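The structure under discussion appears below in the form of structure tokens.
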Amino acid sequence: MEEIVLDIENLEKIYPGGVHAVRGISFNVKKGESVAIIGSSGSGKSTVLRCINRLIEPTKGTIKLNNQIINNPMADVNDIRSKIGMVFQSFELFSHLTVLDNITLGLRHVRGMKKEEAEKSALKVLERVDMLDRTKAFPGNLSGGQKQRVAIARALAMHPDVILFDEPTSALDPELIGSVLQTIRSLADEGMTMVIVTHEINFARDVADRIIYMDKGVIAEQGPSEIIESPKSERLKQFLSSMNEEK
Amino acid sequence: MNHENRIFSWKGIPRSSRIIIITTMIIVVLITPNLAEGYYESSWEQVEKRSENNYNSAIIDENGDAWVFGDNGEIIFGDKIEQWMNFESPTNENLVTAYANNERIVAAGNNGVVIYKEYNSEEWVEIKMETQIDINSISMNSNDEIFVVSDNGAIWCFKQDNWIEIESLVSEKLNDIVFEGERGLISGSSGLILGSENNGENWEIRDTPNEVASSDIISIDFYGINRGYAITSSGEILKSTQEELTTTVGYNWYLKEIESENQSTSLDINLTSLEVLSTTKILLSGDNGYIALSKDGGNIVTPQLLSIEGDFSINDIAMKNAFVGIIVGDNGTILYTENGGEDSAVGFEIIDLSDFSEFVDFTKDNLLEGLKATVKIVIFGILLGFFIGIALAMCKTAPTTLKQMIEGDLERTLTLFWIIIPSTLFCTRIYGSGLGILSLSGLIILFSLLNYYINKNKIEKEGFLGISIPNRHRNNLIRILGLTLLIGMPLIGKWEIKGGIELIYTAISEFYNFHLGSNTFKLSAQIAYIFAPIGNPSEFMRLILGVGLTYLGLLFLTTNGTFSKKKIPYGKLVLISILWVIILTEIFVDSDSSGDKITSWFDLGWRLFLVLIGLLVTKRILPKEIKSVLKNSNDYTLTIEPWKIRPLQTIATLYTDFFRNTPLLVQFMFIHFGLQLGKHIQNIGLDLTSDLIAISSLLGPLDSLLHPIIDYISGSLFGPGKRSYLSAIFALGLNSAAYQCETIRGAIAAIPSGQMEAGRSIGLTYMGTMRLIILPQAIRICIPPLGNEMVNLVLNSSLASVIAYTELTRQGKLVVAITFQIFWTWGMVMIAYFVVTWSLALLLRRLEEKTRIPGLGISGGN
Ligand SMILES: Nc1ncnc2c1ncn2[C@@H]1O[C@H](COP(=O)(O)OP(=O)(O)OP(=O)(O)O)[C@@H](O)[C@H]1O
Ligand SMILES: [Mg+2]
């Protein structure tokens with residue numbers, strides 16, 4: 001049996017204002033698998049991701065990482081987060097640090113590495129995202145696509161068990177999307193476990209092993225990437241056609 | 001960085017031109033002459049040596065002739081202090097002391113020798129004492145009876161041709177005796193001063209300051225009936241003045257803080273003699289040819305020049321009047337002055353203060369001193385303000401709620417309330433505040449380190465210190481904690497910690513005893529109670545603490561483990577009822593004067609206004625018609641979220657609100673004169689110093705290194721005369737912290753929330769993210785507004801002059817008082833301030849450029 005990295009059961013989130021953003025969803029992610037979550041705006045995709053690494057506390061349900069429940073008060077939330085990489089829509093690079101320092105920060109202060117050691121392994125991940133030539137640059141002087149690749153490198157450097165992508169390409173110009181998607185695709189080929197929230201339907205179909213379609217806080221349909229070609233539910237059909245119209 | 005965009009850029013000037021500019025400036029500074037030239041010359045003129053004996057005492061008699069007494073019984077006579085000759089002596093013993101009144105001159109010395117000479121006789125006569133004591137001082141009272149004092153508390157009196165020993169009740173060495181009419185004073189070792197009001201028949205011990213308890217009071221002198229001075233061999237000056245009309249001079253002695261020694265109480269000179277020339281003018285002498293003059297009663301003591309090289313001791317001063325006199329010393333030294341011993345200025349006989357160059361020369365030292373003093377408090381103030389400001393800003397933005405403290409961190413909270421705070425209080429009560437602070441910080445560090453090592457490599461934290469409380473016990477422990485907060489806990493023996501209820505109860509009854517609210521229930525009368533905190537500040541602090549503890553206690557005691565909102569049925573109705581009770585009382589209850597009758601239009605207006613307010617508030621709180629009250633009680637429920645309180649934020653908000661809403665001038669005066677913060681901090685600092693020194697003395701060889709460092713730091717921060725300095729630093733720092741806090745908080749709020757999420761998502765802790773990611777960016781943003789704050793702080797530092805801290809503004813006032821050159825003085829002070837703030841601003845501008853993050857900020861060409 002394949003090893004399950006991430007196991008989510010009956011997750012619910014009600015925001016303080018009373019918005020019932022996620023209404024009980026369950027799914028799991030196996031080792032080496034990449035899962036894409038698609039769905040219309042406001043359907044609760046980001047909320048699910050943020051619950052997973054406890055940037056927000058779920059209202060109900062359990063989340064297990066490597067078979068350990070991570071959403072109880074006793075769990076060491078910092079340690080858990082260091083095992084779950086996160087890539088944000090708006091990059092969130094640390095603008096006062098160089099590219100290299102952005103990546104070594106976590107290694108040095110969370111993993112406790114020496115400076116040289118950290119830089120060595122930082123250079124390795126920078127190579128993987130093809131950013132070796134700009135290590136001394138500051139984020140403010142990078143293009144959007146480069147920024148996102150550095151952000152991916154920052155997550156990769158911690159050697160996480162799983163990486164969460166929250167719309168990694170939505171803030172990018174069309175011509176810059178390619179390089180980022182290429183990077184993610186190569187990660188998938190290398191066997192990285194990933195959960196990707198995306199609006200790039202074609203990309204999801206190409207890269208993801210499994211696709212989850214969320215609507216109004218519940219999973220409306222899930223299955224292998226073929227469901228995009230032949231959607232069963234009416235809602236997914238509508239969603240896909242509306243996406244095509246935009247193109 | 002873009003040099004082209006700036007109006008002036010130092011780097012934009014070619015290198016060669018820069019070198020020329022700097023060289024020119026150096027040369028200009030070097031060749032500018034000192035503004036006024038001149039030098040001082042001693043006014044002490046040496047009298048031709050007659051022997052190499054040490055001269056111990058000198059006196060100028062009623063005829064204006066000088067007498068000098070020395071070792072081996074040597075007596076020298078100075079006819080009109082001009083013609084000097086040796087005089088035949090009846091003794092070979094060393095003569096050490098002398099005295100003259102209008103009948104005769106007396107002198108005394110070792111082995112009980114006492115000699116005298118009547119004015120109408122040519123001979124010195126010896127009246128030897130049978131007991132061969134070494135006499136230290138001699139004097140005569142108003143009945144012409146001779147008094148001598150000696151070691152071991154011995155006082156002898158020569159009356160009716162007999163030596164009688166007088167009861168002194170002490171065994172200290174007595175150094176000096178002096179009479180002024182019937183009043184006599186004796187000084188001695190161990191800070192002893194004896195006084196007599198009946199011509200020396202009875203002597204009693206007078207109070208002296210604790211600080212001189214181990215000093216040797218070597219000399220004591222009166223001036224008239226209203227001023228007394230004394231000096232110690234360790235260089236302190238004691239002063240006695242007449243207090244009001246009741247206590248005469250000689251009873252109250254206080255230690256002079258010597259302004260010219262930075263408010264220190266000691267000159268650090270081995271003093272030997274004191275001569276009071278007028279109410280405020282005194283001459284002091286000491287070892288190594290020390291002679292000093294003070295014209296303002298010991299405030300400013302200025303050493304004077306001697307015309308000869310001196311590493312000899314000056315033993316006595318004798319003055320005919322305020323100007324003419326002699327000093328005598330070792331190796332046959334006699335020096336004569338006609339100018340009160342004051343150095344005469346040569347080359348600038350009269351300083352013309354209306355000449356700008358002479359004015360600057362005369363005042364620049366004062367103003368420089370003031371500038372230094374200002375810079376000192378400013379630097380410490382800025383640092384204090386900045387660090388407290390950051391701490392406050394972090395408290396204000398901290399998301400830690402009560403719920404988290406109790407739900408997620410119960411173990412830590414319990415350790416804090418049950419171990420750390422009690423042991424700190426215990427230590428403070430028994431060993432003083434110094435050890436209290438040490439133990440508090442020590443315990444916190446110890447527990448944190450322990451916790452860190454225990455949980456270092458664990459994914460699932462095992463609580464705090466490896467102890468984690470099982471779920472089923474958590475609620476009960478919280479309730480027990482609540483109970484302790486409410487009713488306190490007993491400690492070892494009689495030491496106990498009071499609970500919230502008791503604190504409130506005692507504080508309230510304490511306040512009730514003030515009876516501030518007259519004898520009516522009217523709110524407007526009870527309003528006087530807002531001043532109660534000042535009536536008993538410590539009780540007020542206890543009240544606040546009590547309220548806090550009671551709130552927490554009740555909350556914890558009633559927990560059910562859900563930490564949710566609390567609904568109080570009919571809460572709104574209760575609030576409104578209270579409001580109306582207050583309004584109706586205000587309107588209808590008898591007050592002491594006017595009764596419930598309406599006495600004026602204003603009164604009528606006031607009552608109507610109250611009713612109107614009541615109606616408006618009622619309408620606002622109650623959403624529906626009053627008639628549905630009993631049908632639908634849910635509408636009148638008051639919902640509170642007690643667990644959402646953020647304790648750190650609450651405390652920080654109280655702090656900043658208080659400091660930002662009161663005038664700085666008042667804060668200065670309240671902190672220095674009211675709270676006496678400087679004094680308390682000095683005491684705590686000295687406590688801490690002695691504890692640290694005790695600890696360092698256990699360290700063996702390290703001690704010789706640490707001890708001087710501790711001494712130096714402690715001396716420069718908590719030394720004598722540093723009270724207003726400490727108060728000034730704290731007043732400035734605490735005030736500035738409140739403003740800097742808001743600036744920094746604003747900058748933290750300006751950092752996108754994603755940065756915190758990103759930091760946390762790679763596994764950094766909250767504090768780690770704050771320190772490594774948020775603050776570095778936030779501080780960069782707030783450098784310009786912080787610069788504003790700092791410049792403000794420099795300008796505000798001028799208020800320190802009201803608490804007698806001699807900074808620039810106060811120096812300015814002093815200079816104006818002396819020179820009357822108002823325009824120039826304040827102009828110079830203003831320029832000095834400008835230089836300080838301007839360089840600060842330049843520094844900050846530079847810092848801002850240095851720390852600018854590439855790729856951020858405005859760009860896009862000209
Ligand atoms: N902090 C918040 N407080 C209250 N409501 C929120 C908060 N964040 C999100 N929501 C609400 O929760 C719902 C789900 O939001 P979420 O961000 O998960 O959607 P999404 O699927 O990621 O949408 P998008 O594709 O636009 O990013 C939305 O209705 C949103 O308004
Ligand atoms: Mg989203």
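Keep in mind the model is a prediction, meaning the values are calculated, not measured. Any value given below was found using the heavy atoms of this structure, including those in side chains, with hydrogens, waters and symmetry copies removed. In the text below, chain A, chain B and the rest are named by the order of the sequence lines, each starting its count at 1.
Within the model, atoms CG of Leu49(A) and OG of Ser761(B) stand 11.5 Å from one another, a figure rounded to the nearest 0.5 Å. Note that the CG atom of Leu97(A) and the CD1 atom of Ile773(B) stand 7.5 Å from one another [nearest 0.5 Å]. To the nearest 0.5 angstrom, Leu55(A) atom CG is 10.0 Å from Ser753(B) atom OG.
Around the CD atom of Glu127(A), the shell of radius 6.0 Å holds no more than 12 heavy atoms that belong to other residues, nucleotides or ligands. Surrounding CG of Asn560(B) are more than 12 heavy atoms belonging to other residues, nucleotides or ligands, all under 6.0 Å away. Within 6.0 Å of NZ in Lys31(A) there are 12 or fewer heavy atoms belonging to other residues, nucleotides or ligands.
In terms of heavy atoms, Leu772(B) sits closest to His109(A) at CD1-CG, 3.5 Å. Shown here for Pro776(B) and His96(A), the closest heavy-atom pair between the two residues is CB-CD2, 3.5 Å. The shortest non-hydrogen separation linking Ala758(B) to Phe94(A) is CB-CE2, 3.9 Å.
Annotation: side chain of Glu757(B) is not in contact with side chain of Glu92(A) (no heavy-atom distance under 4.5 Å).
When each of Arg111(A), Met86(A), Arg154(A) is paired with Ile762(B), the side-chain contact (heavy atoms from CB on, under 4.5 Å) condition holds for Arg154(A) and for no other.
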side-chain contact (heavy atoms from CB on, under 4.5 Å) evaluation trace for Leu105(A) with Leu764(B): CA-CA 9 Å; Leu105(A) 188 80; Leu764(B) 286 172; 3.9 Å; yes
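Contacts of Phe88(A) with chain B are made by side-chain atoms alone, with heavy-atom separations under 4.5 Å and no backbone atom involved. Contacts between Leu164(A) and chain B at a heavy-atom distance below 4.5 Å are absent for every atom of the residue. For a residue to count as touching a neighbouring chain, one of its non-hydrogen atoms must lie under 4.5 Å from one of that chain's; by this rule Ser95(A) touches chain B with backbone and side chain alike. Within the 4.5 angstrom heavy-atom criterion, only side-chain atoms of Arg50(A), from C-beta onward, approach chain B.
Checking Asn78(A) against Arg760(B) by side-chain atom types alone, a donor-acceptor pair falls below 3.5 Å.
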